[in-house]
Engineer: 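This is the structure, below, for whatever I ask next.
A quick note: this is a predicted structure, and the numbers were derived from the prediction, not measured. Below, chains carry the letters A, B, ... as their sequence lines are ordered, and counting in each starts from 1.
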Amino acid sequence: MLEKTFDPKAVEPRLYAMWEASGAFAPIADPAAEPFSMVIPPPNITGSLHIGHALNNTLQDVLVRFQRMRGKAALWLPGTDHAGIATQMVVERQLAEAGNMSRRDMGRDAFIAKVWEWKAQSGGTIVNQLRRMGASCDWSRERFTLDDGLSAAVRKVFVTLHKQKLIYRDKRLVNWDPQFQTAISDIEVEQREVEGNYWHFAYPLEDGSGEIVVATTRPETMLGDTAVAVHPSDERYKALIGKCVRLPIVGRPIPIIADDYADPEKGSGAVKITPAHDFNDFQVGKRHKLPVINILDPQARLNENAPEEFRGLDRFVARKRVIEQFEALGLLRGVEKTRHAVPHGDRSGVVIEPYLTDQWYVDAKTLAQPAIKAVEDGRTVLEPANWEKTYYEWMRNIEPWCISRQLWWGHRIPAWYGPDGKIFVEETEEAAKSAAREHYGRDEPLRQDEDVLDTWFSSGLWPFSTLGWPEKTQDLARFYPTHTLITGFDIIFYWVARMMMMGLHFTGQVPFKRVFFNALVRDAQGAKMSKSKGNVMDPLELVDAYGADALRFTLTAMSGQARDIKLSTQRIEGYRNFGTKLWNAARFCQMNECIRTPGFDPGAVKQTLNRWIVGETVKAAKAVTQALETCAFDDATGALYRFIWNVFCDWHLELAKPILNGDDEAAKAETRATTAWVLDVALQLLHPVSPFLTEELWDKTAQFGHGREGMLMTTRWPDLPDAWIDPEAEAEIGWLVDLITEIRQVRAEMNVPPSARAPLTLSGAAPEAKQRLSRHRDLILSLGRLGSVAEAESPPAGAVPFVIGEATGALAIAQFVDLAAERARLGKEIGALAGDIDRTAKKLGNPDFVARAPEEVVEENRERLAEAENAKARLEAALKRLETVS
RNA sequence: GGGCGGCUAGCUCAGCUGGUUAGAGCGCCUGGUUUACACCCAGGAGGUCGGGGGUUCGAACCCCUCGCCGCCCACCA
């Protein structure tokens, strides 16, 4: 006998091991099978599973299990990302904590070795956590962005793009992170609103004829000013254009130039120009061929280009000193409080400086064009569709992508420099050497570029590099383009856009046909989960507490939210209970010997109840299938929940009880077989969402019933014919359900004790209802807890009436009736009907409605009005009788 | 400044291309030792669908507008 509840802890590891060992995670080899492929968004090796991963991977697993059961050659390809900055940070911190040498002290090779060591120890954490969620990835194909194959792909891509002039080296301002001392790309910069000040500084004219006032939020940058710009049509300054001001503190004369960039409306209308430390000023400087004076070192301390007293000072210290000096010089013209956005590094959290360096860039603008087109013409579909707008907006305004990073952990840039600075970009050092030999006519020492590539450069190749590209592998031929990508919208620019660009450029095909953006998980208050807020929910703790299936079901059910998911443990508990409900339904089947019957044909059952539940099962299977096909995950769980709990358990099993306990052996046998079949289908339909519970029940039911071959996981998804839906059975069971519900309502409202076996009479019933009444007499007696069922001309005096279709039911329970309560009950029902009649009559009385609304809507309202009037009349009559009797 | 999403029962959310009395889960209240399940069963209360205007025979749904809440992009004169 099954236990009363499912014990996930005992079962999950065993089942997962069984699945994995069976080889069923790998796509089936059958060449005729249609491929279905997905690549995992590779988690960082530094990561541990958070609830966002849990959601994202649950949805992927639901989808891949579903497609696998449909007979597809389903591949879910897993792997991890080396995560340049994040990993380097973690390892550096660990080294520091352990009192080791710093990265720079130990040197590049030693440090990299340490990172690999760390990866071997801790890098697999998240992968094993995915297993605990039940993820059915094909681990035999697991990849890592820094493994040999992927590294080769990265070099190939870099070299190819370089030869195509789509990768180039350039000296320009970059977003510089002084903490990590590396360039970062635009999207790694996070704007934060902060309180700040505008300082108004006076710059005296060189000829002593006056001054010009400029404003800044970054006073220290004035040390690098090389001009003051005014608008060419600004009357206030027209006369000053071409003159010079003497830059205070520094003493350098700098010109007053005319440029449209200066906005007469803002501040004084004059703006200081610091080409080396401001993106806009850099452009102005270019236009006017201004000197570019870099005043910062890589740690954002003032360098030798600043006056001596500032050298070596931190930028913020220097800022204070500059202000003090202006004040002392009597040139501070005012301070204004302001709230403004300041760029911060998304990883380091420090203020980013625009900084002039040589870096490698990808010509994203060119690569973006085919990627835009592919979405426009639907070769790749983004869902929900509103993300297309975001995608287009970004792609159409894309800037060159800075891909070099001054880090050690990552793909080293395959560029070598000759003694004269000549650059050789080749896939290997040997190739670079031979290119150099050809160029110089002799062997010259080469020096490889010190930098590594942005992590997203390698992740951008993920859908094809993981399948073996640039080799022409079978996997590549079979599984590329991948079918669906499920990921978070927070990385639409970082990742999705780059994969589109790279995939199209190098394979000529889109990397995936569909992208489904899942919601973001928040806590119960709607706040983004973060360690600092202390509101993180650890999915593994939730798995421990409720089981993986309950968490999976919850996440799947809540995934419909457009933007974010607020998770509460109550909800998980509720879905855990749902699993228990199904477990106990199986227990019921076991106790009642509902076991699989070989050769059972659901289309041939005779009993109304069985024809009905077969039809309901067909409908449920259709609903779940359609939902999963369209990534409507919440609809899928909704359909499963309602079918299993509210249809199968609440009604089918209850209605089956009298048959199973009765002595019509043929009916009993058929009902047993049908119930067992429904349970099997339910297990199959639920399996993608709740794999552990269902697989365990599949096994257990096989043990108490007929044995069966194989795992639930690899069974064929139910494809049931519509012909099994029987409208007559539907109507009949529907009527029965209504009748029983009415009886229960009356009993509950009249406080009739369960032990009281009330007699029921039915009057005014149509022949069809009479037949139903006699056919299901036993059922009605038991589920309604009735003493007898009879037909009558009219409801007996003192009985409590209710409406069931065209008929009036009446329960003879006078001894329990509180007249006032009954009067209130009937009064309320009559009132509701009156309201309905009033509304409907008014509608029908409106000639415009009758003339313009579709005929069927008008007809519907007519029927409705007639029914309501009829029901109201019957209840009023009953109420009157009640009052005369008393 | 530009864009996106949200505002529906005490809470968390469904409500597809406008058409009965707006639904679910949780919570709450009442009743229940009905041998599958108290992680349960039966029943109930609870909403002028953020405000205002419009289109329509008819609006939670379409349009305009305002108000909050959240996110993304741009902006450090």
Engineer: What is the separation between atom CG on A:N175 and atom C1' on B:rC76, rounded to the nearest whole Å?
Structural biologist: 13 Å

Engineer: Distance check, P atoms only: B:rC41 and B:rA24, in whole angstrom units.
Structural biologist: 15 Å

Engineer: Are A:E654 and A:K657 within salt-bridge range, i.e. N to O under 4.0 Å?
Structural biologist: yes

Engineer: If you measure from the P atom in B:rU55 to the same atom in B:rC61, how many Å do you get, rounded?
Structural biologist: 15 Å

Engineer: Mind jotting down which residue pairs meet the salt bridge (Lys or Arg N to Asp or Glu O under 4.0 Å) criterion with at least one end in residues 572-585 of chain A? Sequence neighbours excluded, please.
Structural biologist: none

Engineer: In residues 272-280 of chain A, what donor-acceptor pairs under 3.5 Å come from side-chain atoms, sequence neighbours left out?
Structural biologist:
residue : atom : partner : partner atom : Å
A:K272  : NZ   : A:T221  : OG1          : 2.7
A:K272  : NZ   : A:D225  : OD1          : 3.0
A:K272  : NZ   : A:T274  : OG1          : 3.0
A:T274  : OG1  : A:D225  : OD1          : 2.6
A:H277  : ND1  : A:P354  : O            : 3.4
A:H277  : NE2  : A:N294  : OD1          : 3.3
A:H277  : NE2  : A:I295  : N            : 3.0
A:D278  : OD1  : A:N280  : N            : 2.8
A:D278  : OD1  : A:D281  : N            : 3.0

Engineer: Just jot down the side-chain hydrogen bond (donor to acceptor under 3.5 Å, both in side chains) partners of A:N870, sequence neighbours excluded, or say none.
Structural biologist: A:R874

Engineer: Write down the distance between CG (A:D635) and C1' (B:rA14), rounded to a whole number of angstrom.
Structural biologist: 9 Å

Engineer: State plainly whether the residues A:K389 and A:E393 are in salt-bridge range, i.e. N to O under 4.0 Å.
Structural biologist: no

Engineer: Rounded to whole angstrom units, what separation is found between the CG atom of A:L2 and the C1' atom of B:rA36?
Structural biologist: 10 Å

Engineer: Using a strict cut-off of less than 4.0 Å between a Lys/Arg side-chain nitrogen and an Asp/Glu carboxylate oxygen, indicate whether A:E742 and A:R747 qualify as a salt bridge.
Structural biologist: no

Engineer: Rounding to the closest angstrom, what is the interatomic distance between B:rA42 and B:rC37 at atom P?
Structural biologist: 14 Å

Engineer: Looking at every strand, decide which applies to A:N661 at a 4.0 Å heavy-atom threshold: base, sugar-phosphate, or nothing.
Structural biologist: nothing

Engineer: My validator wants the stems of RNA chain B: runs of 3 or more consecutive Watson-Crick or G-U pairs, both distances under 3.5 Å, written as range with range.
Structural biologist: B:1-7 with B:67-73, B:10-13 with B:23-26, B:28-32 with B:40-44, B:50-54 with B:62-66

Engineer: May I ask you to check if A:R396 and A:Y392 form a cation-pi contact, with NZ or CZ under 6.0 angstrom from the six-membered ring centre and within 45° of the axis?
Structural biologist: yes

Engineer: Return the nearest nucleotide to the side chain of A:Y641; candidates are B:rC4, B:rG19, B:rG25.
Structural biologist: B:rG25

Engineer: Strictly under 4.0 angstrom, non-hydrogen atoms only: write out the protein contact profile of nucleotides 37-48 of chain B, one letter per nucleotide from the 5' end, B, S or -.
Structural biologist: B-BSSSSSS---

Engineer: Select one nucleotide: of B:rC26, B:rA36, B:rU12, the one nearest the side-chain heavy atoms of A:M558.
Structural biologist: B:rU12

Engineer: Between atom CZ in A:R192 and atom C1' in B:rC73, what is the gap in whole Å?
Structural biologist: 17 Å

Engineer: Is it true that A:D234 and A:R236 have a side-chain N and a carboxylate O under 4.0 angstrom from each other?
Structural biologist: yes

Engineer: Report which part of the nucleic acid A:I352 touches: base, sugar-phosphate, or nothing (heavy-atom distance under 4.0 Å, all strands).
Structural biologist: base

Engineer: Between A:Y261 and A:R571, which has a closest nucleotide on RNA chain B that is more 5'?
Structural biologist: A:R571

Engineer: Residues in salt bridge (charged side-chain N to carboxylate O under 4.0 Å, His left out) with A:E195, at least two apart?
Structural biologist: A:R339

Engineer: Using a 4.0 Å heavy-atom cut-off across all strands, classify A:V271 as base, sugar-phosphate, or nothing.
Structural biologist: base

